[in-house]
Amino acid sequence: MNGPFQTAHELPATTTLPVALEVFAPPPLLLPGERLDHYHALRAAIFADLAPHSAVEWLLAIDVVELSWEIQRYRVLRHRLLATYRQKAIEAALRHIDMTGIAPEFEDEAERYTRQNALSWRLDPVATTEIEARLASYGFDQHSINTDVYIQAREAFVLFEGLLNAAQSRRLLLIREIKKCRLP
């Protein structure tokens with residue numbers, strides 16, 4: 001089951017789902033940014049690797065595909081979550097630097113500029129370099145920013161880790177089940 005990988009164009013015709021079982025594998029529900037051709041490539045590769053023979057094996061293989069797609073989705077979403085929290089960590093560090101000693105009547109305006117600078121950090125490479133240099137001059141290195149990112153994102157990060165672990169466990173159980181189906 002663990003052999004050399006082939007591209008979708010090199011995969012044998014047996015990687016396609018039998019027509020009689022297509023009803024059990026409806027089209028995937030894709031999120032914005034996900035691509036159907038990526039899903040089909042993953043599905044073809046898994047079908048080629050598992051090489052299901054019976055209807056039960058095909059049904060299990062369909063579930064392995066779905067779980068594998070979910071795992072990829074969770075990884076991408078977790079990465080994007082960390083990027084969002086990174087902007088918030090930059091904003092918090094800038095707030096720590098820029099808001100110290102601000103008169104109360106100017107706090108709202110200073111807060112708005114701080115949020116705007118954090119957004120500029122995310123979108124503008126020149127601003128990124130300048131802001132990171134400024135933060136470093138105040139002792140905020142990449143490690144301290146990363147620490148703040150994980151502290152802020154800990155609950156959501158734990159949620160994604162749980163989703164990933166559960167999907168990976170279910171996928172392994174299905175693969176074991178396919179192996180058991182093949183035992184004499």
Side-chain angles (χ1 to χ4, degrees), residues 2-10 27-46 49 64-172 175:
N2 195 11
F5 178 76
Q6 297 173 316
T7 65
H9 301 292
E10 299 171 333
L29 299 173
L30 301 177
L31 295 177
E34 295 179 340
R35 294 182 38 189
L36 186 59
D37 60 327
H38 290 172
Y39 175 86
H40 285 295
L42 176 71
R43 184 170 92 165
I46 290 173
D49 198 34
V64 170
V65 169
E66 291 299 316
L67 288 167
S68 297
W69 186 256
E70 281 184 39
I71 289 167
Q72 293 304 315
R73 176 182 286 163
Y74 295 152
R75 288 177 179 157
V76 168
L77 293 175
R78 180 183 61 185
H79 178 75
R80 293 212 175 115
L81 175 80
L82 290 176
T84 299
Y85 277 103
R86 184 163 199 78
Q87 179 181 339
K88 291 181 181 186
I90 294 291
E91 184 179 325
L94 288 171
R95 189 178 302 111
H96 181 73
I97 294 169
D98 296 339
M99 301 290 287
T100 303
I102 292 286
E105 61 269 14
F106 299 114
E107 284 181 359
D108 289 341
E109 187 175 350
E111 181 71 31
R112 185 171 56 82
Y113 281 118
T114 300
R115 280 193 304 276
Q116 185 178 1
N117 285 337
L119 182 59
S120 295
W121 167 86
R122 184 174 175 191
L123 301 175
D124 180 4
V126 173
T128 300
T129 303
E130 291 173 0
I131 289 170
E132 287 179 356
R134 187 162 160 253
L135 290 174
S137 72
Y138 281 89
F140 291 97
D141 63 0
Q142 294 301 320
H143 296 296
S144 63
I145 298 295
N146 289 341
T147 301
D148 195 31
V149 168
Y150 280 98
I151 288 170
Q152 288 184 34
R154 69 183 172 270
E155 288 180 27
F157 197 73
V158 167
L159 169 73
F160 278 106
E161 285 301 306
L163 290 169
L164 277 164
N165 289 336
Q168 288 170 338
S169 294
R170 290 192 319 261
R171 182 173 63 178
L172 286 173
I175 291 170

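Sequence positions, counted from 1, serve as the residue numbers for this chain.
Taking every heavy atom of both residues into account, Arg134 and Leu94 meet most closely at NH1-CD2, 3.4 Å. Here the closest heavy-atom approach between residue Pro28 and residue Leu36 is recorded as CG-CD1, 3.7 Å. When all heavy atoms of Arg171 and Ile71 are compared, the closest pair comes out as CZ-CD1, 3.4 Å. Heavy-atom minimum distance, Trp69 versus Glu34: NE1-OE1, 3.6 Å. Taking both residues in full, the closest heavy atoms of Val149 and Arg86 are given as CG2-CA, 3.4 Å, listed atom of the first, atom of the second, then distance. Taking every heavy atom of both residues into account, Ala93 and Leu135 meet most closely at CB-CD2, 3.7 Å.
Around CG of Leu29, the count of heavy atoms belonging to other residues, nucleotides or ligands within 6.0 Å does not exceed 12. Surrounding CG of Asp108 are at most 12 heavy atoms belonging to other residues, nucleotides or ligands under 6.0 Å away.
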Trace of the side chain to side chain contact (heavy atoms under 4.5 Å, CB included) decision for Leu159 with Tyr74 = CA-CA 10 Å; Leu159 169 73; Tyr74 295 152; over 6 Å; no
Check the pair Gln168, Asn165 against side chain to side chain contact (heavy atoms under 4.5 Å, CB included), reporting the backbone distance first and the verdict last.
-> CA-CA 5 Å; Gln168 288 170 338; Asn165 289 336; 3.7 Å; yes
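Here the straight-line distance linking atom NZ of Lys88 with atom CD1 of Ile145 works out to 15.0 Å at 0.5 Å rounding. The distance from atom CG of Leu77 to atom CD of Gln72, rounded to the nearest 0.5 Å, is 11.5 Å. Of the inter-residue distances, the one linking Glu111 atom CD with Arg95 atom CZ reads 4.0 Å to the nearest 0.5 angstrom. Separation of atoms CD (Glu91) and CG (Asp148) is listed at 11.0 Å; rounding is to 0.5 Å. Interatomic distance, CG of Leu31 versus CZ of Arg73, reported as 4.0 Å (0.5 Å rounding). Note that OG1 of Thr100 is 9.0 Å distant from OH of Tyr138, once rounded to the nearest 0.5 Å.
Here the side chains of Arg115 and Gln87 are not in contact, with every heavy-atom distance at 4.5 Å or above. Side-chain contact between Ile90 and Arg122 is absent, with no heavy-atom pair separated by less than 4.5 Å. Side-chain contact between Arg78 and Glu161 is present, with heavy atoms from C-beta onward closer than 4.5 Å. In this structure, the side chains of Leu81 and Phe160 come closer than 4.5 Å at one or more pairs of heavy atoms. For the pair Glu66/Tyr39, a side-chain contact is recorded, criterion being any heavy-atom separation below 4.5 Å from C-beta on.
A donor and an acceptor atom, one from each side chain of Asn146 and Gln142, are nowhere located under 3.5 Å apart. Looking at Asp141 and Ser144, their side chains do bring a donor and an acceptor atom within 3.5 Å of each other.
Considering only residues two or more places apart in sequence or on other chains, Tyr85 meets the ring pair (Phe, Tyr, Trp, His ring centres under 6.0 Å) condition with none of them. Here Phe140 pairs with His96 under the ring pair (Phe, Tyr, Trp, His ring centres under 6.0 Å) rule; sequence neighbours left out.
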With a cut-off of 3.5 Å and sequence neighbours excluded, list every side-chain donor-acceptor pair involving residues 125-132.
{"from": "Thr128", "atom 1": "OG1", "to": "Trp121", "atom 2": "O", "distance (Å)": "2.3"}
{"from": "Thr128", "atom 1": "OG1", "to": "Asp124", "atom 2": "O", "distance (Å)": "2.9"}
{"from": "Thr129", "atom 1": "OG1", "to": "Pro125", "atom 2": "O", "distance (Å)": "3.1"}
{"from": "Glu132", "atom 1": "OE2", "to": "Trp121", "atom 2": "NE1", "distance (Å)": "3.1"}

